[in-house]
Structure formats: C-alpha cells, structure tokens
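First the structure, in the form of structure tokens, and then the observations on it.
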Amino acid sequence: MNTARLADIAAQAGVSEATVSRVLNGKPGVSATTRQMVIAALDVLGYERPTRLRQRSAGLIGLITPELSNPIFPAFTQVIEQVLTRYGYTPVLCTQTPGGSTEDELVELLVERGVTGICFISGLHADTSADTERYARLTGKGVPFVMINGYSSKIAAPFISPDDRAAMQMAVQHLVGLGHRRIGLAVGPARFVPVERKLEGFAEAMRTRLGMEPAESADLVQHSLFSVEGGQAAAGALLDKGCTAIVCGSDLMAFGAIRGARSRGLSVPGDVSVVGFDDSPLIAFADPPLTTIRQPVEAMGAAAVNVLLEEIGGNPAQRGEFVFQPELVVRGSTGAARPRP
C-alpha cells in the first residue's frame, strides 16, 4: 500500500503510519483495540481488507426485523450488527415484508442454515394474540434467542424493552407543563405489548397530572397503523375531539399527525403540539424538528447481543425483562397551548 494511503488510514484511525503498517502486515505489538480501529478506518475509507485481516466467523446469528421503512428498525439492526461483528459473529438479516416470508418461515430458514442464535425485534412475541408455542419449539431445537420490544411471561427468554409507561408519563408531563389539557394519544393496534403499556402509562399520567378519569382519557386515544398515513388518520379524529396536543406511538405517526394538522390549516406547534416516539435517525432534521421520546437504541442493542452471547456460551441470562429508560428530547414540534376557538 502506498504512503498516501497509509497516511489516510493513519489519520482516520488516529494512529501512526507505522502502527497501520504493523496491522496491515500482521506484525505483533498492536493492541486488539488499535487493530480494530485500523480495520474500521480501512472500511470507512473504502479500502479492501488484506486477506490476512479477514476474520473467520465465530458463527451466524439471525436477526429478524419488521420492514425497514421505519428508521427505528435499521437503527437497531445497525447497532446489533456492529456489536456482533466485534465479537466475531456474522449477522444474517431477515426482514419481514407484507406478502413476504413470515417469521416462522424465516426462523425455519435460519435453523436450517445452522445459526448459533437468533435476535427478534418487535416480532410475534410482542403480539398478545399470537401463539407463543413457536418459541418453545425453537428452544427445543437448542437455538438460543433474545427478544427486543414486547415482553411475554409465556416465553422463556431474555427480553429487552424500553419503559413505555414512563415514556408516556414524560410526554404528558411535558405537554401539561406547556398548558395543554386536551392531550390525545395516537398509537397502533391494542394487541401489541408496547401499545398496551403506552395506554397504561397515558391513562395514569392523565389521571395524576390532570385528574382525568380513565374512561375520559380513553376517549382521547386513537388506534391506527404505525405509519405516516395511520398517524394522519388518528390525528384527524383527535383534532375533531378538540385536542391541542397529540402524543404518537412512533416518529412516523408523528409525521402523519403534523401533516394532518397542516392539512386543516393548523400550524405545529402554534395550534397543535406533536410528540413522537423512537428518535430514529434524521428525526431532528424534520420541519419542525420533532419533540420525541428517545429509545436508548445503542444500550438496548448492545444488551441484546450480550445476553444472547451469554446464552450461547452456556451461561443463561435472566429469563425475564431488562427495562431501559427512555428520554424526552424537546425540539420544535411542541409549544405553549393556544386556546381553541
């Protein structure tokens, strides 16, 4: 490799050219961390790794995720893949799409390929109407797995979740502090565990912050699809009920709510405040920048890999739930309440 390229790689990795040369030539005297930094610099700059630096995989790990059009799923996927690669495992990404392979078909495919373990993101485990026996059968085949988003006591596995109830408390508290009293909630179908928990958190927050009885706050909940179109439809119904603020179950739904408000000639946040959920990539660059509840994706993804690798190593992690605290990120889509005419 010529000197110019060595200098580029050294600058990117933050090490000396001599260190880069030692790594590329497989020489000793370089720490594992520094070696990884040099390899990462090669990848970022688009240089092909020399054959001697290509790792032998410790095994395949299946990663089953819903569609990738919602940016929170690629965000989780990227974190999990990076951590797996750091431990020498090769991730195999399987995406569910409408009309495509089902979760069961993808699991069967992965088991046939001899995967070492599987990570499920927002899969059937999160659907309270789904049969959980499929996971018992997977355990019977000796394949360790971990679940992200959607706890079920019927499944013997480690679960990684954000605190959905606390998230709603944060959102409602923020909006009440801005003077809002008619606060609506736009979420997906009620059969999903994260939705159930958001409903509980919302009802409790409306009771403690505004003295609203559960039956009254339930009238300010609108179930729809977890999509821009779903958010727009839900927002329309909530605006008809006089809501001056809307909390949404995803950032995509929040975009739909903003679009729905604007289609009625209302401004955000002048007339209507909107709060999202996820804080997926690029959300801060929306118009207006979206106030949202941030899922701690990096911490959750790393934890999922760590507990899965413990399972694979024969040291089973806790058969239960690891709950991570979300964070309210205040941006430009929420403001002081304005009396509705």
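Within the 3.5 Å criterion, the main-chain N or O of E17 finds no donor-acceptor partner in the side chain of S21. Remark: side-chain polar atoms of S333 are paired, donor with acceptor, to backbone N or O of V274 under 3.5 angstrom. A side-chain donor-acceptor contact under 3.5 Å links R331 to the backbone of L290. Put simply, the side chain of Q169 never gets that close to the backbone of V172: no donor and acceptor are under 3.5 Å apart. No side-chain donor-acceptor contact under 3.5 Å links T65 to the backbone of T95. Within the 3.5 Å criterion, the main-chain N or O of V330 finds no donor-acceptor partner in the side chain of T334. Distance alone, capped at 3.5 Å, is enough to place a donor-acceptor pair between the D163 side chain and the A166 backbone.
Between S273 and H180, the side chains place a donor N or O and an acceptor N or O closer than 3.5 Å (distance only, hydrogens not considered). Under 3.5 Å, the side chains of T292 and D251 contain a donor-acceptor pair of N or O atoms.
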**Request:** Evaluate salt bridge (charged side-chain N to carboxylate O under 4.0 Å, His left out) for R319 paired with E311, printing each intermediate quantity in order.
**Result:** CA-CA 11 Å; R319 290 292 188 274; E311 296 271 321; 2.6 Å; yes
**Request:** Apply side-chain contact (heavy atoms from CB on, under 4.5 Å) to the pair L124 and T102, showing each step before the final yes or no.
**Result:** CA-CA 10 Å; L124 289 171; T102 65; over 6 Å; no
**Message:** Does I258 form a side-chain contact (heavy atoms from CB on, under 4.5 Å) with R262? I'd like the steps, not just the answer.
**Reply:** CA-CA 6 Å; I258 291 171; R262 285 177 173 166; 3.8 Å; yes
**Request:** Begin with the C-alpha distance, continue with both residues' side-chain angles, and end with the deciding distance and a verdict on side-chain contact (heavy atoms from CB on, under 4.5 Å) for R259 and E229.
**Result:** CA-CA 9 Å; R259 191 164 78 179; E229 294 75 18; 4.2 Å; yes
**Request:** Report the C-alpha distance between Q295 and F324 in whole Å, list the side-chain angles of each, state the deciding distance to 0.1 Å, and finish with yes or no for side-chain contact (heavy atoms from CB on, under 4.5 Å).
**Result:** CA-CA 8 Å; Q295 282 202 68; F324 288 73; over 6 Å; no
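Under the 4.5 Å side-chain heavy-atom criterion for grouping Ile, Leu, Val, Met, Phe, Trp and Tyr, L309 is connected to V307 within one hydrophobic cluster. L266 and V247 sit in two unconnected hydrophobic clusters of ILVMFWY residues. Membership requires side-chain heavy atoms under 4.5 Å apart, directly or through other members. A continuous path of hydrophobic side-chain contacts links L110 to L60 [ILVMFWY only; heavy atoms under 4.5 Å]. The same ILVMFWY cluster, assembled from side-chain heavy atoms under 4.5 Å apart, contains both F145 and V107. Linking ILVMFWY residues whenever their side-chain heavy atoms come closer than 4.5 Å, directly or via other members, places L63 and I61 in the same cluster.
To the nearest 0.5 Å, atom CD1 of residue I64 and atom OG of residue S122 are 12.5 Å apart. Between the CG atom in L238 and the SG atom in C243 there is a gap of 4.5 Å [rounded to 0.5 Å]. Separating the OG atom in S250 from the CG atom in D278 is a distance of 6.0 Å, to the nearest 0.5 Å. How far OG of S161 is from CE of M147: 11.0 Å, rounded to the nearest 0.5 Å. The distance from the CD atom of Q36 to the OG1 atom of T33 is 8.5 Å, given to the nearest 0.5 Å. Note that CZ of R294 is 4.5 Å distant from CD of E327, once rounded to the nearest 0.5 Å.
Of all non-hydrogen atoms in G117 and V143, the two that sit nearest each other are CA-CG1, 4.1 Å. Closest approach of G332 to P288, counting heavy atoms only: O-CB, 3.7 Å. For S263 against Q232, the heavy-atom pair with the smallest separation is OG-NE2, 4.3 Å. Considering every non-hydrogen atom in both C248 and A257, the closest pair reads SG-CB, 3.9 Å. Shortest non-hydrogen contact noted between T85 and P91 is OG1-CD, 4.1 Å. Listed here is the closest heavy atom pair of P289 and A284: CB-O, 3.3 Å.
A salt bridge (Lys or Arg N to Asp or Glu O under 4.0 Å) check over residues 97-116, counting only residues at least two apart or in different chains, returns the pairs D104-R134.
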Extract all donor-acceptor atom pairs below 3.5 Å that involve side chains of residues 209-220 and protein atoms in other chains or at least two apart in sequence.
from, atom 1, to, atom 2, distance (Å)
R209, NH2, Q173, OE1, 3.2
S217, OG, P214, O, 3.2
D219, OD1, K241, NZ, 3.3

Could you tabulate the donor-acceptor pairs under 3.5 Å formed by side-chain atoms of residues 194-202, not counting sequence neighbours?
from, atom 1, to, atom 2, distance (Å)
R197, NH1, E321, OE2, 2.6
R197, NH2, E321, OE1, 3.0
R197, NH2, E321, OE2, 3.3
K198, NZ, D164, OD1, 2.7
E200, OE1, R165, NE, 2.6
E200, OE1, R165, NH2, 2.9

Residues 153-160, side-chain donor-acceptor partners within the protein, below 3.5 Å, at least two apart:
none

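Put simply, the side chain of M168 reaches to within 4.5 Å of the side chain of L185, judged on heavy atoms. Proximity of P144 to L308: side-chain heavy atoms (C-beta onward) are separated by under 4.5 Å at one or more points. Counting only heavy atoms from C-beta outward, the side chains of T34 and V15 approach each other to under 4.5 Å. With contacts defined as side-chain heavy-atom distances shorter than 4.5 Å, the pair Q82/E298 does not qualify. Residues I9 and Y47 form a side-chain contact, since some pair of their non-hydrogen atoms from C-beta on lies under 4.5 Å apart. Annotation: side chain of L252 is not in contact with side chain of F226 (no heavy-atom distance under 4.5 Å). When side chains are defined from C-beta on, T90 does not count as touching L84, because their heavy atoms never get closer than 4.5 Å. The side-chain heavy atoms of I283 and F255, taken from C-beta on, include a pair separated by under 4.5 Å.
In this structure, H125 and F120 have perpendicular ring planes: the angle between them is above 60°, well past the 30° mark.
In this structure, F285 shares a hydrophobic cluster with L282, the cluster being traced through Ile, Leu, Val, Met, Phe, Trp and Tyr side chains under 4.5 angstrom apart.
Residues meeting the side chain to side chain donor-acceptor pair (under 3.5 Å) test with S129, sequence neighbours left out: D127.
A salt bridge links D271 with R338: at least one charged nitrogen is closer than 4.0 Å to a carboxylate oxygen.
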